[in-house]
Structures are given as structure tokens and as C-alpha cells.
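Keep in mind that the numbers below use all heavy atoms, side chains included, and drop hydrogens, waters and symmetry copies. Not measured: the values here are computed from a predicted model. Just so we're on the same page: letters track the sequence lines, and every chain starts at 1.
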2 protein chains.
Amino acid sequence: MPIPRYTRTVSNAELDDLLEVCKALANPTRLQIMGWLRDPSDHFAPQADPMEEVGVCVKQIQEKAGVSQSTASQYMSVLQRADLVESTRIGQWTYYRRNQKRIAALPELLGASL
Amino acid sequence: MPIPRYTRTVSNAELDDLLEVCKALANPTRLQIMGWLRDPSDHFAPQADPMEEVGVCVKQIQEKAGVSQSTASQYMSVLQRADLVESTRIGQWTYYRRNQKRIAALPELLGASL
DNA sequence: TTGGCAAATCGAAACATTGCGATATGACGA
DNA sequence: TCGTCATATCGCAATGTTTCGATTTGCCAA
């Protein structure tokens, strides 16, 4: 029975997870969006539904970021795939907000994987 | 004199800094290397100079990662530009080690910028 | 001083990401 | 039912990243 030459400290799942997070944040606009979503009412104009609860709709993010509608939509789904944001659909709007639980756990993930 | 409509919480310098870190880590092999360098003697074979102090030479990283010499060298300079590793040249070898101070400060940078 | 080793840099091909306009889907109000 | 608005998805050209082999630089020992 062969003994592995060197130890593996970090699980592959955690590493892949962190990798996806880094990829999602490795874009200046997406990184900014995450910051804006921290205090939505400081960065976005009022909207139909209360942004502190449900989040901010794509149109507002698009306007603030100065990108096209399709780009804004794509950005948000990249961030969502990395589990950094959550979304709620209300009527014709999709509201995005930070996944605060996940974000709070990032330092730990960093410490464990990196 | 126009008043900015919304508040900026995060400095551009910090955001750019975090962006560079994310870019550097947004590659599976580079991410792995950072992990290996945490406990070098658990992951690399003995070498001329003591790796816990000076770090690990490029050749060892190259072999462990299974990439070409030029790729390994580039990877290390990407990590160094992001300030995640430091290097020491001894004779014909360049030893790389984690910038532990910087890495310890990452959670704070994350908390401040993201 | 010459040969060999380690590392860095260069140039290029393959591959991935970016970001747009066009189009599709679905909700709402007239 | 129709037109409009918000969002999502598609296809594509431009740009950026990856990764290599070849070349260059620098160090050391014979």
C-alpha cells in the first residue's frame, strides 16, 4: 500500500469553491457591484420594492455600472453562481442582494484553503 | 459645485489591490501553489537551502505543479506582483515564500473593500 | 573560459473572458 | 389582446489569459 509522499491539507472542493469566488471577483465592475450592494440605499436610487430587504434590480445596477443590459444581467449571474449574491423575482423585476452569510464565511474559507 | 449623488465607501486603491489579488488567485495552479507554500516541507523534497526560511525554488514548484519552467516562473511573478509571495535570490536559485503578513491582512482587505 | 544549471524573458498559438447588439421570455397595464 | 418594460439568453468580435518552446541572463564549478 503506497503512502502519499506529501500531505494534502486542503480539500479539492474548498479549493474549487475559492477558485470560483476569485474568478467572479477578478473583474473590476463585478467587484464594485459587490461593494455597492453592501449599502444599497447609499448607492442606488429608490425603487418599487424596499432594497434593503429584497436587493437591487438589474436595471439600477446596469445604470450605475455603465454597462449594457445584457452585460449587467450576465455579471449578476456570475456572482450568483459563485454564491456571492442571492436573487428574488418580484413581478418583472429580479432583485439581487449580497449573500451575507457566505461573504462572512469567506475569511475562513481563505484561511482554510489558501 | 455638484454634490456626488451617492457615497463612496471604498478607496480605489484598495479595490484595485483586491482586484489584483483575485486575479492572481483566479487560476487553479497558482491557488494550489499558495497552499503548498504554507507548509513547504510537507509538500516539497529537501533542497540546498532551508525552505522554511528562504522558501522553495522555482524548479521544485515547477515539478510539483507539472508545468513547464517558463510557466512556473511566470506564475511566481504574478503571485509576487500581487504581493502574495516574496523572493530571495541565493546563487542560481530564486526561493519563493508566502508573504505571511500580507496574507494575514487579506480578511481585513476583503472586509473593507468587498 | 567554458559548460551546465536555474531562472527570467520573449514570441506565438490555443483558449477563455468580456461586452455588445439582437432576440427571446415573461409580466404588467391599457 | 397588444404593446411595453425588465430580464435572460444567444451569437459573435475583440480582448485578455494561459502555456509552451526557444532564447537570454546570470551563477557556479571544472
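- Considering all non-hydrogen atoms of both residues, A/Gln62 and A/Val67 come closest at CG-O, 3.0 Å.
- Per the geometry, CG belonging to B/Leu19 stands 15 Å off P belonging to C/dT17, to the nearest Å.
- The CE atom of A/Met76 sits 17 Å away from the P atom of D/dA6 (whole-angstrom rounding).
- The shortest distance between the side-chain N/O atoms of B/Tyr96 and the OP1/OP2 oxygens of C/dA6 is not below 4.0 Å.
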Start with the C-alpha gap between B/Leu109 and B/Arg102, add the side-chain angles, then the distance that decides, and say whether side-chain contact (heavy atoms from CB on, under 4.5 Å) holds. CA-CA 10 Å; B/Leu109 178 63; B/Arg102 160 76 152 173; 4.3 Å; yes
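- The aromatic rings of B/Trp36 and B/His43 sit tilted, their planes meeting at an angle between 30° and 60°.
- There is no side-chain donor-acceptor pair under 3.5 Å between A/Ser70 and A/Ser73.
- Judged by distance alone with a 3.5 Å cut-off, no donor-acceptor contact links the side chain of A/Ser68 to the base of C/dG21.
- Both A/Trp93 and A/Val78 lie close to DNA chain C; mapped to their nearest nucleotides by heavy-atom distance, the more 5′-ward contact belongs to A/Val78.
- Atoms CD (B/Gln62) and P (C/dA7) sit 9 Å apart, rounded to a whole Å.
- As judged by a 4.0 angstrom heavy-atom cut-off over every strand, A/Tyr95 is placed among residues making no nucleic acid contact.
- A distance-only check finds a donor-acceptor pair linking the side chain of B/Arg89 to the backbone of B/Gly91 [under 3.5 Å].
- Toward the 5′ end of DNA chain C lies the nearest nucleotide of A/Thr29, the other residue of the pair A/Gln92 and A/Thr29 mapping further downstream.
- Atoms CD1 (B/Ile61) and P (C/dA7) sit 9 Å apart, rounded to a whole Å.
- Rounded to a whole Å, the CD atom of A/Gln74 is 16 Å from the P atom of C/dA22.
- Side-chain N/O atoms of A/Arg89 include none lying less than 4.0 angstrom from OP1 or OP2 on D/dA6.
- Residue B/Thr71 places at least one side-chain N or O closer than 4.0 Å to OP1 or OP2 of D/dC20.
- The phosphate of C/dA6 has neither OP1 nor OP2 within less than 4.0 Å of any side-chain N or O from B/Thr94.
- A/Phe44 places its CZ atom 16 Å from the P atom of D/dA6, with the value rounded to the nearest Å.
- At whole-Å resolution of the value, CG in B/Leu79 and P in C/dA7 are 16 Å apart.
- Rounded to a whole Å, the CD1 atom of A/Ile90 is 14 Å from the P atom of C/dA27.
- Side-chain atoms of A/Ser70 lie closest to C/dC20 of the nucleotides D/dT7, C/dC20, C/dA8.
- Remark: the B/Gln69 side chain and the C/dA6 base include no donor-acceptor N/O pair separated by less than 3.5 Å.
- Within 4.0 Å (heavy atoms only), A/Ser73 reaches at least one base atom of the nucleic acid.
- Here A/Asn27 reaches the OP1 or OP2 of C/dT18: one of its side-chain N or O atoms lies under 4.0 Å away.
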